Amino acid sequence: MTNSTSQPLLGRTIHLLRDFAVTRSSALAWCILAISLAVTAIAWYLSSQYIRDRASDRFLFRVSEMEVSIEQRMLEYEQVLRGGVGLMEASNNVSRAEWRTYFENSRFQEYYPGIQGVGFSRVVKADEKDAFVESIRAEGFPEFDIRPDGERDVYTAIVYLEPFDWRNQRAFGFDMYSEATRRAAMDAAVASGEPTISGVVKLVQETEDDVQQGFLLYLPVFENGETVDGKDQRLASVVGFVYAPFRTRDLMVGIRKSNLPDIDFKIYDGESESTANLLYSSHLPMLRPASEGNADFVLTKQLHLRGRDWTIHFESQPDFISGGESAISLAVAFIGLLVDVLLFLVIGSIGRQQRQAERIAEQMTSEFRKAQKQFQAVCDTAHDPIVLLDESRQVVYGNPATMDAFGFSEDEVVGTSASRLFERSLRTEESASSSITDDELLCIRKDGTTFPARISISYWHDGEQQLAAIIVRDVTEQRRVDALIRQQIAELSRSNRDLDAFAYVASHDLRSPLRNIKHLADWVTEDTGDQLPVESAEHLKTLKQCIDRMEQLLDDLLQYSRAGRVHDRLMQVNTNDLVTRIFAMLAKPDAMQVCIDGELPTFLTLKAPLETCLRNLINNAIKHHDRADGRVCVSAIDDGELIQFIVEDDGPGIASRFQKKVFEIFRTVAPNSDWKNSSGMGLSIIKKTVETYGGKIELQSELGQGTRFILHWPRQIVMPLESVEPPVSAESEG
């Protein structure tokens with residue numbers, strides 16, 4: 001507090017300043033204004049320079065971060081290829097199914113985004129070409145051939161490429177060694193025995209839409225897994241290449257999105273920054289104009305990757321130094337000018353400001369007293385105990401709830417130490433303004449019993465000492481409920497694991513006896529030849545059909561158990577294109593009409609589950625149609641929270657007594673003669689999948705009037721609890 005002797009001195013000083021402002025204020029004001037303007041100019045310059053230096057450091061850091069991200073991502077892809085080489089060297093003959101299984105189990109596209117696929121290209125000598133082509137055609141690809149045509153001493157042919165979708169199928173059988181850029185990279189990989197990146201190429205997977213520059217990463221596979229010295233010997237011993245094609249924009253978008261949100265960069269193959277060598281450019285003209293050499297920060301760096309040199313040219317975007325950062329220096333100048341003006345005017349307004357300060361002080365005192373009364377009222381009516389402590393940690397106030405919770409009277413609480421109420425000492429805060437901390441500890445009642453509580457502590461200074469307000473909440477019941485929830489979650493997780501284990505055993509371990517039975521039936525047929533009675537031959541044929549149906553049932557059982565349990569990432573799905581691809585892939589009579597009625601929506605959802613549901617519905621409509629010239633149509637209605645996908649046909653329809661049963665597991669309304677073509681699981685899988693994500697499926701049908709399935713798919717996907725549990729795998733069961 002200010003002593004009595006200082007108050008007259010302060011008053012006299014104010015009066016002197018006021019008098020001086022009246023008599024000499026003009027010269028003093030202009031002098032102060034000139035000095036303050038000079039200080040403001042210096043402050044503006046220093047703040048501008050500091051902001052630019054900080055932006056430069058941020059630019060260099062992000063460039064370095066991008067380099068590391070590219071190198072790390074390419075190292076991860078190298079591990080993918082080495083895994084493929086390991087698979088090839090671990091088996092004398094890796095089948096197409098084994099390659100697909102390796103790819104699916106490794107989940108490359110989920111863990112390694114940006115990769116177009118992982119494939120194997122086999123080296124074929126000229127004298128082995130015809131036999132090799134016939135062997136691939138025998139696998140179910142009657143139109144397979146090595147492309148391009150022409151006589152060459154050595155051929156290579158892409159035989160495995162996963163995922164084997166419509167885009168990657170365009171590369172099936174392509175001879176990469178026939179093209180100079182690819183051949184150079186393949187020769188370099190053979191010579192070094194290490195992964196090698198090719199130059200700029202146009203992938204054979206490219207179509208006329210969204211054409212991107214690409215490159216390939218090769219890793220040779222040598223005969224018997226051993227390399228030899230000498231280029232010619234290595235060329236003779238290589239049996240193929242495990243490789244990965246990359247569409248550069250798809251690759252870089254995944255790397256760039258979290259590293260360089262405000263930096264443009266171009267990647268060139270080699271050291272020349274020419275258009276012919278341009279591999280990737282992040283600049284999109286339709287979104288913003290090019291910097292045209294006016295970027296604040298520019299840097300070109302060389303990156304050495306797997307036998308290839310890339311040149312990366314970085315440029316900051318026009319808004320790299322944000323408006324907020326630029327505004328700092330302007331704010332410094334503006335505030336400085338404002339202060340200058342205030343200083344210019346303050347000399348003549350000392351008395352007025354003093355009187356205003358007195359009025360504000362009186363108002364604040366009144367408001368403080370009002371707030372104090374309000375605080376008292378709130379504390380007295382609060383259900384949770386509220387305790388106030390002074391600087392020595394003595395209780396100065398406790399509300400009525402405190403007395404009820406701790407069992408003390410008001411006289412017993414006030415003046416007692418906080419250690420009598422709380423099992424351990426409270427942390428002492430020395431900050432001058434209100435700071436809030438949360439903690440959990442045991443509270444002590446008057447009778448010595450304790451209860452767990454969650455406490456919130458607020459510290460502040462009242463001008464003389466530090467005070468603390470403590471709000472105590474009993475968490476005994478909350479802990480009991482939390483323990484019960486954890487127990488229920490553990491039980492649910494255990495139940496899910498048991499179901500996965502059962503599905504695995506049912507769909508995998510039962511296959512072995514089925515295959516043995518089928519082999520025995522085949523051996524009986526081979527051993528007896530034409531001597532077997534016609535009736536017995538028919539019985540064996542029926543037996544093998546039953547075995548095939550059992551295997552289909554086991555596959556569908558596994559798919560049913562996993563429905564709604566395996567989730568990919570949310571993505572923008574164009575359902576119009578999705579249904580069009582489903583139409584193209586499904587087998588149907590030539591006279592059968594399939595169509596899309598209206599425009600199907602594009603929205604953010606899980607692609608794989610939605611595709612499974614639509615494909616099964618469309619396939620059922622085609623398969624169970626009673627006429628070869630029937631009609632199947634798909635439409636959609638967006639009603640806000642749900643999107644209704646409608647699959648309808650003009651087939652035989654379903655009787656009302658069967659409509660609820662068709663969604664039951666192993667139920668089918670197909671004729672008895674068609675039992676082998678339907679397992680009765682398709683609609684069950686659809687129902688489980690869509691209900692897992694918060695939707696439903698509806699059936700509308702009458703005999704002779706066709707069938708109408710309505711898939712109510714949620715626009716906002718709700719991930720189920722089971723998604724946090726990993727699926728049962730062969731390793732976990734082994």
Side-chain angles (χ1 to χ4, degrees), residues 1-4 6-7 10 342 349 351-447 449-482:
M1 296 181 62
T2 307
N3 56 43
S4 59
S6 62
Q7 290 180 350
L10 179 60
L342 292 176
S349 62
R352 179 177 56 82
Q353 291 183 10
Q354 182 181 5
R355 290 190 297 272
Q356 183 179 2
E358 291 174 353
R359 289 194 300 270
I360 292 175
E362 292 175 357
Q363 182 181 359
M364 291 179 62
T365 301
S366 176
E367 291 178 352
F368 172 76
R369 291 172 179 170
K370 181 180 178 181
Q372 189 177 30
K373 293 179 180 179
Q374 293 174 345
F375 173 75
Q376 182 73 33
V378 170
C379 291
D380 289 346
T381 57
H383 294 289
D384 292 329
I386 300 176
V387 179
L388 298 183
L389 304 180
D390 61 14
E391 195 168 37
S392 61
R393 296 300 178 260
Q394 299 294 318
V395 177
V396 295
Y397 169 78
N399 68 340
T402 303
M403 316 309 165
D404 296 338
F406 288 89
F408 292 100
S409 65
E410 183 176 357
D411 293 337
E412 292 173 324
V413 169
V414 176
T416 189
S417 173
S419 60
R420 191 176 178 188
L421 302 180
F422 305 104
E423 190 176 64
R424 59 181 173 84
S425 299
L426 301 175
R427 181 165 61 91
T428 301
E429 292 288 334
E430 297 182 355
S431 58
S433 59
S434 64
S435 58
I436 300 175
T437 61
D438 290 329
D439 200 357
E440 189 168 319
L441 46 72
L442 290 178
C443 298
I444 307 172
R445 298 186 181 95
K446 181 179 179 181
D447 59 6
T449 60
T450 60
F451 63 91
R454 185 74 182 177
I455 66 169
S456 297
I457 310 176
S458 177
Y459 300 91
W460 78 96
H461 275 274
D462 66 351
E464 296 181 356
Q465 63 175 338
Q466 186 187 59
L467 299 176
I470 306 174
I471 301 176
V472 181
R473 174 157 295 179
D474 190 341
V475 295
T476 303
E477 180 64 18
Q478 179 182 343
R479 286 188 175 182
R480 189 189 67 80
V481 173
D482 290 345

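Quick caveat: nothing in here was measured; it's all calculated off a predicted structure. Note: hydrogens, waters and symmetry copies are ignored here, and every other heavy atom, side chains too, is used.
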| Whether over 12 other heavy atoms sit under 6.0 Å from R473 CZ |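 Result for CZ/R473: open.
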
| request: Determine whether more than 12 heavy atoms belonging to other residues, nucleotides or ligands lie under 6.0 Å from atom CD of E410. | output: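 Check fails, neighbour count at 12 or below.
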
| Residues forming a side chain to side chain donor-acceptor pair (under 3.5 Å) with S409, sequence neighbours excluded |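 For S409 the side chain to side chain donor-acceptor pair (under 3.5 Å) partners, ignoring immediate neighbours, are E412.
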
| message | Suppose we screen for ring pair (Phe, Tyr, Trp, His ring centres under 6.0 Å). Which residues come up paired with Y397, at least two apart in sequence or across chains? | response |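 By the ring pair (Phe, Tyr, Trp, His ring centres under 6.0 Å) rule, Y397 matches no residue at all.
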
Is there a side-chain contact between [X] and [Y] (heavy atoms, below 4.5 Å)?
X: V414; Y: V396; value: no
X: L421; Y: F406; value: yes
X: L441; Y: I455; value: yes
X: T416; Y: F408; value: no

Can you tell me how far the [atom1] atom of [X] sits from the [atom2] atom of [Y], to the nearest 0.5 Å?
X: F422; Y: I444; atom1: CZ; atom2: CD1; value: 9.5 Å
X: I471; Y: T402; atom1: CD1; atom2: OG1; value: 10.5 Å
X: K446; Y: M403; atom1: NZ; atom2: CE; value: 12.0 Å
X: R445; Y: T450; atom1: CZ; atom2: OG1; value: 7.5 Å
X: L467; Y: L389; atom1: CG; atom2: CG; value: 9.0 Å
X: D474; Y: R479; atom1: CG; atom2: CZ; value: 9.5 Å

| task | Of all the heavy-atom pairs spanning A382 and A401, show the shortest one and how long it is. | result |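 Scanning both residues completely, I find the closest heavy atoms to be O-CB, 3.5 Å.
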
| Closest approach of P400 and C379, non-hydrogen atoms and distance? |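 Of all heavy-atom pairs spanning P400 and C379, the closest is CD-O, 4.3 Å.
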
| query | Does the N399 side chain pair with the main chain of V378, one donor and one acceptor, at a distance under 3.5 Å? | reply |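 Here the side-chain-to-backbone pair does not exist.
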
| request: Identify whether the distance between the nearest side-chain nitrogen and carboxylate oxygen of R480 and E477 falls below 4.0 Å. | output: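 Salt bridge between R480 and E477, a charged N being under 4.0 Å from a carboxylate O: yes.
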
